[in-house]
A.B. asks: 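For reference, the structure I am asking about is given below.
Every number for a ligand or one of its atoms is a count from 1 in the order of the listing.
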Amino acid sequence: MSIKFTRRNFIRTASVTAALPAGALLTSAHAMTSVQGTAQPHVVVIGGGFGGATCAKYLRRYDSNIRVTLIEPKKTYTTCPGSNWYLAGLTDFDSITHSYQALKDKHGINVVHEWVSGIDPAGKTVKLKNGETLQYDRLVVSPGIDFRWDTIEGYGPEDVDKVPHAWQAGPQTKLLYDQLRAMPNGGTYIICPPPNPFRCPPGPYERVSMVADYFKKHKPKSKIIILDAKDKFSKMPLFMQGWQDLYGDMIEWIGASDGGRIKSVDVASKTVTTAEGETFKADVLNVIPAQKAGKLAFDAGLTNESGWCPVHQNTFESTIHKGVYVIGDSSIAGKMPKSGHSANSQGKICAAAIAVDLNGWDMPRPKLANTCYSLVANDYGISVVAVYQFDGKVMNKVKGAGGVTPKGAAPSQYLAEATYARGWYKSITHDTWLG
Ligand SMILES: Cc1cc2nc3c(=O)[nH]c(=O)nc-3n(C[C@H](O)[C@H](O)[C@H](O)COP(=O)(O)OP(=O)(O)OC[C@H]3O[C@@H](n4cnc5c(N)ncnc54)[C@H](O)[C@@H]3O)c2cc1C
């Protein structure tokens with residue numbers, strides 16, 4: 001399919017985007033003035049997750065004259081959203097795993113399954129692990145997260161086949177699933193959530209809920225202990241209420257100030273020691289280390305002292321390297337949380353920014369959306385929604401837009417939210433990889 005990129009066409013595409021449930025909102029306040037040149041510009045997108053795949057697809061939607069190459073080593077992508085549901089047995093692994101076929105066939109994207117080993121922003125080239133070099137006009141980098149392995153004594157990347165973090169969905173998610181199935185009734189699952197900022201703020205607590213859902217049905221004498229590096233967490237009152245109502249005293253949360261921060265791990269005995277020196281022994285241990293931008297972002301010099309990538313938050317162009325854009329978890333995106341929905345929204349805004357830049361038009365003033373649904377049980381969902389807009393400095397929250405599921409709501413509302421959560425998953429994965 002070939003679409004000529006005209007001003008009228010861009011505005012129409014932008015309003016279609018606004019109508020999508022998972023969509024970023026593009027409000028075009030500015031006129032777009034000219035279409036420059038006929039040569040076909042080449043945009044390389046690194047990382048085929050929520051940010052990169054969305055950006056690649058919307059680049060082609062906004063301007064089919066742009067040649068897009070998406071580089072992603074994995075042949076299929078398993079989403080972290082839904083991976084907690086899989087742990088509870090509420091969905092299967094295939095349902096949360098998606099192919100890149102539609103991006104190739106329907107959107108004309110050149111998908112290359114390879115690792116990027118280096119970026120040269122001055123020469124505008126990307127080096128692949130197989131030795132090939134690709135020239136680009138604009139580069140988008142969406143490599144997700146890496147872990148700060150130096151923050152917990154005794155726990156490193158070599159230990160994940162015994163103590164998985166399962167914070168990048170894939171083989172570790174399956175391992176954690178198997179460990180929970182092999183655990184005896186009456187055993188203890190210990191999860192150690194990371195300090196802020198990290199990928200998916202409600203994620204560890206949804207995981208606790210899903211493990212509790214499984215235990216309640218199959219291993220009711222079991223315990224869950226949360227040793228937290230924080231004193232509060234996303235949707236905390238809602239999770240706490242749900243845990244109390246659904247799982248009684250199965251779950252014990254220990255915040256950082258009450259001795260929850262862990263210092264070291266003995267992988268062989270699955271024992272953790274806290275900063276205060278107390279030890280806890282698990283049957284299944286799930287340590288989620290502190291996080292930073294994906295390794296490639298460091299190697300390419302796109303990070304600052306925070307360990308994340310500074311960007312102009314209206315376009316997501318790097319403040320360090322011109323012509324290079326960083327989206328998704330790796331970027332510093334103001335008040336936006338590190339989530340798949342945020343990455344999807346940022347992918348669209350970044351695609352728009354590149355299309356208008358290449359065509360010499362004005363950038364619309366975008367609004368971006370994020371929703372984080374969590375299941376507390378199969379029929380019990382909660383959510384937080386917010387809308388964001390660039391305020392001249394950062395991507396800030398739009399006052400009065402969004403909200404959180406009320407505490408103490410009728411069961412029918414929590415049931416409805418569980419249905420919406422599943423609908424959200426279908427809609428966002430369709431928007432990112434399938435549609
Ligand atoms: C348990 C859990 C539950 C979650 N639930 C939700 C939820 O309900 N809703 C929600 O919105 N978010 C959720 N998230 C968060 C969401 O998964 C992330 O925020 C999202 O994946 C970020 O997208 P991204 O594009 O930045 O990174 P990713 O999706 O991780 O994609 C990065 C891609 O880059 C590739 N890559 C990395 N390095 C290279 C390289 N050198 N060369 C080529 N490719 C490379 C990787 O292979 C990867 O596919 C959850 C996360 C977890 C862990």
A.B. asks: Given the ring of Tyr62, does Arg60 sit roughly above its face, with NZ or CZ under 6.0 Å from the centre of the six-membered ring and within 45° of the axis?
C.D. replies: no
A.B. asks: List the closest protein heavy-atom neighbour of atom 40 (C) of ligand 1: residue, atom name, distance to the nearest 0.1 Å.
C.D. replies: Trp115 CE3, 3.4 Å
A.B. asks: Are Lys230 and Asp228 close enough for a salt bridge, meaning some N to O gap below 4.0 Å?
C.D. replies: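 Looking at Asp228 together with Lys230, the answer is yes, because their closest N to O distance falls below 4.0 Å.
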A.B. asks: Considering distance alone, does some N or O of Ala343 sit under 3.5 Å from an N or O of ligand 1?
C.D. replies: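 Between Ala343 and ligand 1 (N or O atoms, distance only) the closest approach is not under 3.5 Å.
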A.B. asks: Between Lys295 and Asp146, does any NZ, NE, NH1 or NH2 come within less than 4.0 Å of an OD or OE carboxylate oxygen?
C.D. replies: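 Answer for the salt bridge query: no.
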A.B. asks: Does a side chain donor of either Asp213 or Asn378 reach within less than 3.5 Å of an acceptor in the other side chain?
C.D. replies: no
A.B. asks: Under 4.0 angstrom from ligand 1, any heavy atom of Ser83?
C.D. replies: yes
A.B. asks: Provide, to 0.1 Å, the distance between atom 31 (O) of ligand 1 and the closest protein heavy atom, together with that atom's residue and name.
C.D. replies: Gly49 CA, 3.3 Å
A.B. asks: My understanding is that we take every heavy atom of each candidate and find the minimum distance to atom 33 (C) of ligand 1. Doing that for His113, Gln346, Glu72, Lys338, which one comes out nearest?
C.D. replies: Glu72
A.B. asks: At what distance is the nearest protein heavy atom to atom 4 (C) of ligand 1, and which residue and atom is it?
C.D. replies: Cys200 SG, 3.4 Å
A.B. asks: Please determine if Asp357 and Arg138 form a salt bridge, counting it only when a charged side-chain N lies under 4.0 Å from a carboxylate O.
C.D. replies: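 Yes, Asp357 and Arg138 are salt-bridged.
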A.B. asks: Note the single closest protein heavy atom to atom 18 (C) of ligand 1, along with its residue, its atom name and the distance in Å.
C.D. replies: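 Result for atom 18 (C) of ligand 1: Asp329 OD2, 3.4 Å.
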A.B. asks: Would you say Asp266 and Tyr155 are linked by a side-chain donor-acceptor pair, where the criterion is simply a distance under 3.5 Å?
C.D. replies: no
A.B. asks: Looking only at N/O atoms, are Val116 and ligand 1 under 3.5 Å apart anywhere?
C.D. replies: yes
A.B. asks: Just checking, Lys348 and Tyr58: is the charged tip under 6.0 Å from the six-membered ring centre and within 45° of the axis?
C.D. replies: yes
A.B. asks: Starting from atom 6 (C) of ligand 1, locate the nearest protein heavy atom and write down its residue, its atom name and how far away it is, to 0.1 Å.
C.D. replies: Pro81 CG, 3.4 Å
A.B. asks: Going by atom types only, do Trp167 and Gln172 share a side-chain donor-acceptor pair under 3.5 Å?
C.D. replies: no
A.B. asks: Looking at non-hydrogen atoms alone, which of Ser142, Gly47, Gly118 comes nearest to atom 32 (C) of ligand 1?
C.D. replies: Ser142
A.B. asks: Which option out of Arg207, Gln168, Met210, Arg199 puts a heavy atom nearest to atom 30 (O) of ligand 1?
C.D. replies: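 Going through Arg207, Gln168, Met210, Arg199 one by one, Arg199 has the nearest heavy atom to atom 30 (O) of ligand 1.
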A.B. asks: Nearest protein heavy atom to atom 37 (C) of ligand 1, by residue and atom, and its distance?
C.D. replies: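 So the nearest neighbour among protein heavy atoms is Pro143 O, 3.6 Å.
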A.B. asks: Evaluate Trp167 for polar contact with ligand 1, using N/O atom pairs at a separation under 3.5 Å.
C.D. replies: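 So ligand 1 has no N or O lying under 3.5 Å from an N or O of Trp167.
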A.B. asks: Can the positive tip of Arg207 be found less than 6.0 Å from the middle of the six-membered ring of Tyr189, inside 45° of the ring normal?
C.D. replies: no
A.B. asks: Of the protein's non-hydrogen atoms, which lies at the shortest distance from atom 44 (N) of ligand 1, and what is that distance?
C.D. replies: Pro73 CD, 3.1 Å
A.B. asks: With heavy atoms only and a cut-off of under 4.0 Å, state how Asn84 meets ligand 1: side chain, backbone, both or neither.
C.D. replies: side chain
A.B. asks: Heavy atom under 4.0 Å from ligand 1: found in Lys74's side chain, backbone, both, or neither?
C.D. replies: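 Side chain only.
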A.B. asks: Checking a contact table here: which protein heavy atom is nearest atom 9 (N) of ligand 1, and how many Å away?
C.D. replies: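 The protein heavy atom lying closest is Trp424 CH2, 3.2 Å.
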A.B. asks: Using a 6.0 Å distance limit plus a 45 degree cone around the ring axis, check whether Lys292 lies over the aromatic ring of Trp149.
C.D. replies: no
A.B. asks: Looking at Tyr388, I'd like to know if the NZ or CZ of Lys367 sits under 6.0 Å from its six-membered ring centre while staying within 45 degrees of the ring's axis.
C.D. replies: no
